[in-house]
Amino acid sequence: MMITSKLGIKIFERGHQTSSPATREFWEISVLFEDGHLLALDNPPGCRSPRPLRPQRPNLMTLLHTAIVGAKPWARERGLDYLMNALRLDFEMSGVILLAKNKPALIALANLFGSEKPVKKFTALVQGQPPENQFAVDAKLAPHPIRIGLLHVDSKNGKKSKTQFEVLETFPRSGHALLKCEPNIGRPHQIRMHLRYAGFPVVGDELYGGKPLWLSRLKPNYRLKPGHEERPLLSRATLHAEELSLPHPVTGEV
């Protein structure tokens, strides 16, 4: 089975709504795939998946569980009383997130993600332009010794991690490139750290050296109106989980 979320495309006809009153934010979350065992959602930017680095920010799973307890229409129609994430996304990422509707499906998914059977493909906008259309970064990763929650390359004590990259498009005027990224395992922050290590940090990824995208850097003769402050076009890490391919954990469908 293959689940796809195209960057910048929303599928509103199969979505549901969730909100965070505390932060006055609202999201339309698209359903990418659903059956009796699984639910795949298109996680929007700004709605964090589990373990956010900023606890005060909205957490997708908390919002979903609150909706289930409150018997919101989308949850009541599906008869949901159990929903657990089997696939985590890095902080600020968007794209495919896979949820299990029952415990046996969650266990089966956990076993699948522990193997190399699932294939995860990501899209990233990066600073700089790689000299080759395809390249790989094979660098062991370990927790950063000082900055809690971050990774660094550690050839001695790190865990094996490899990511394949392919250049999809280059933007000579701005000096950026759009890449397809395929991690062999998919450790937290793996793609972001590997890109920084290769010298092409993800745009907007402040944790790993990525800078925001500014219109003034792209548009010749840019002039800001008096009294206005320029805001970045992109200020979050521009990394998107575009595709997930794996055998169905219950039916075995590929």
Side-chain angles (χ1 to χ4, degrees), residues 1-16 27-45 47-50 60-61 64 74 78 80 82-90 92-126 133-137 161-169 177-192 194-195 202 237-254:
M1 55 181 287
M2 183 173 70
I3 305 168
T4 302
S5 164
K6 292 297 183 182
L7 184 62
I9 297 177
K10 301 299 292 180
I11 311 174
F12 291 110
E13 65 270 17
R14 293 195 62 206
H16 64 76
W27 298 272
E28 180 88 23
I29 300 179
S30 302
V31 177
L32 301 174
F33 174 85
E34 183 175 13
D35 65 9
H37 306 282
L38 305 176
L39 176 64
L41 301 178
D42 192 2
N43 191 60
C47 186
R48 306 330 192 214
S49 56
L60 176 63
M61 292 309 300
L64 293 176
W74 68 267
R78 291 172 167 83
L80 287 176
Y82 182 97
L83 200 59
M84 292 297 294
N85 62 297
L87 177 65
R88 297 179 183 274
L89 295 182
D90 285 356
E92 292 190 334
M93 278 183 57
S94 60
V96 179
I97 183 167
L98 188 59
L99 310 169
K101 289 184 174 182
N102 52 67
K103 194 169 184 178
L106 180 65
I107 294 172
L109 281 173
N111 291 332
L112 272 176
F113 283 114
S115 68
E116 294 186 0
K117 290 182 180 180
V119 176
K120 291 174 277 187
K121 297 181 181 180
F122 299 79
T123 304
L125 182 66
V126 302
N133 285 334
Q134 295 185 356
F135 64 100
V137 176
S161 305
K162 184 177 182 179
T163 310
Q164 298 283 346
F165 298 100
E166 179 183 347
V167 178
L168 299 176
E169 189 173 355
L178 187 68
L179 305 183
K180 179 173 72 175
C181 320
E182 293 187 42
N184 65 334
I185 296 177
R187 304 189 189 283
H189 296 197
Q190 176 176 324
I191 295 173
R192 299 159 70 178
H194 277 175
L195 283 170
V202 175
T238 51
L239 182 60
H240 182 76
E242 182 171 350
E243 183 178 301
L244 174 64
S245 301
L246 73 163
H248 194 287
V250 178
T251 67
E253 178 186 355
V254 296

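- Considering only heavy atoms from C-beta on, Q134 stays 4.5 Å or farther from Q164 through its side chain.
- Listed by chain and number, the residues in a side-chain hydrogen bond (donor to acceptor under 3.5 Å, both in side chains) with E166 are K180 (sequence neighbours excluded).
- One distance of note links CG of D42 with CD of E242; it measures 10.5 Å at 0.5 Å rounding.
- Rounding to the nearest 0.5 Å gives a distance of 11.0 Å between CE of M84 and CG of L64.
- Checked against side-chain hydrogen bond (donor to acceptor under 3.5 Å, both in side chains), T163 has the following partners two or more places apart in sequence or in another chain: Q190, H194.
- The shortest side-chain heavy-atom distance between P249 and N111 does not fall under the 4.5 Å cut-off.
- We find the CG-CZ distance between L39 and F33 to be 9.5 Å, quoted to the nearest 0.5 Å.
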Throw together a table of side-chain donor-acceptor distances under 3.5 angstrom for residues 97-108, partners on residues two or more places apart or in other chains.
unit_1: K101; atom_1: NZ; unit_2: E34; atom_2: OE2; d: 2.8
unit_1: K101; atom_1: NZ; unit_2: D35; atom_2: O; d: 2.9
unit_1: N102; atom_1: OD1; unit_2: A105; atom_2: N; d: 2.8

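- With sequence neighbours excluded, no residue forms a ring pair (Phe, Tyr, Trp, His ring centres under 6.0 Å) with F122.
- Ring orientation note: the planes of F135 and F165 are close to parallel, at an angle under 30° on the 30°/60° scale.
- Taking CG of L83 as the start and CE of M61 as the end, the distance is 5.0 Å to the nearest 0.5 Å.
- Residues satisfying the salt bridge (charged side-chain N to carboxylate O under 4.0 Å, His left out) criterion with K162, sequence neighbours excluded, are absent altogether.
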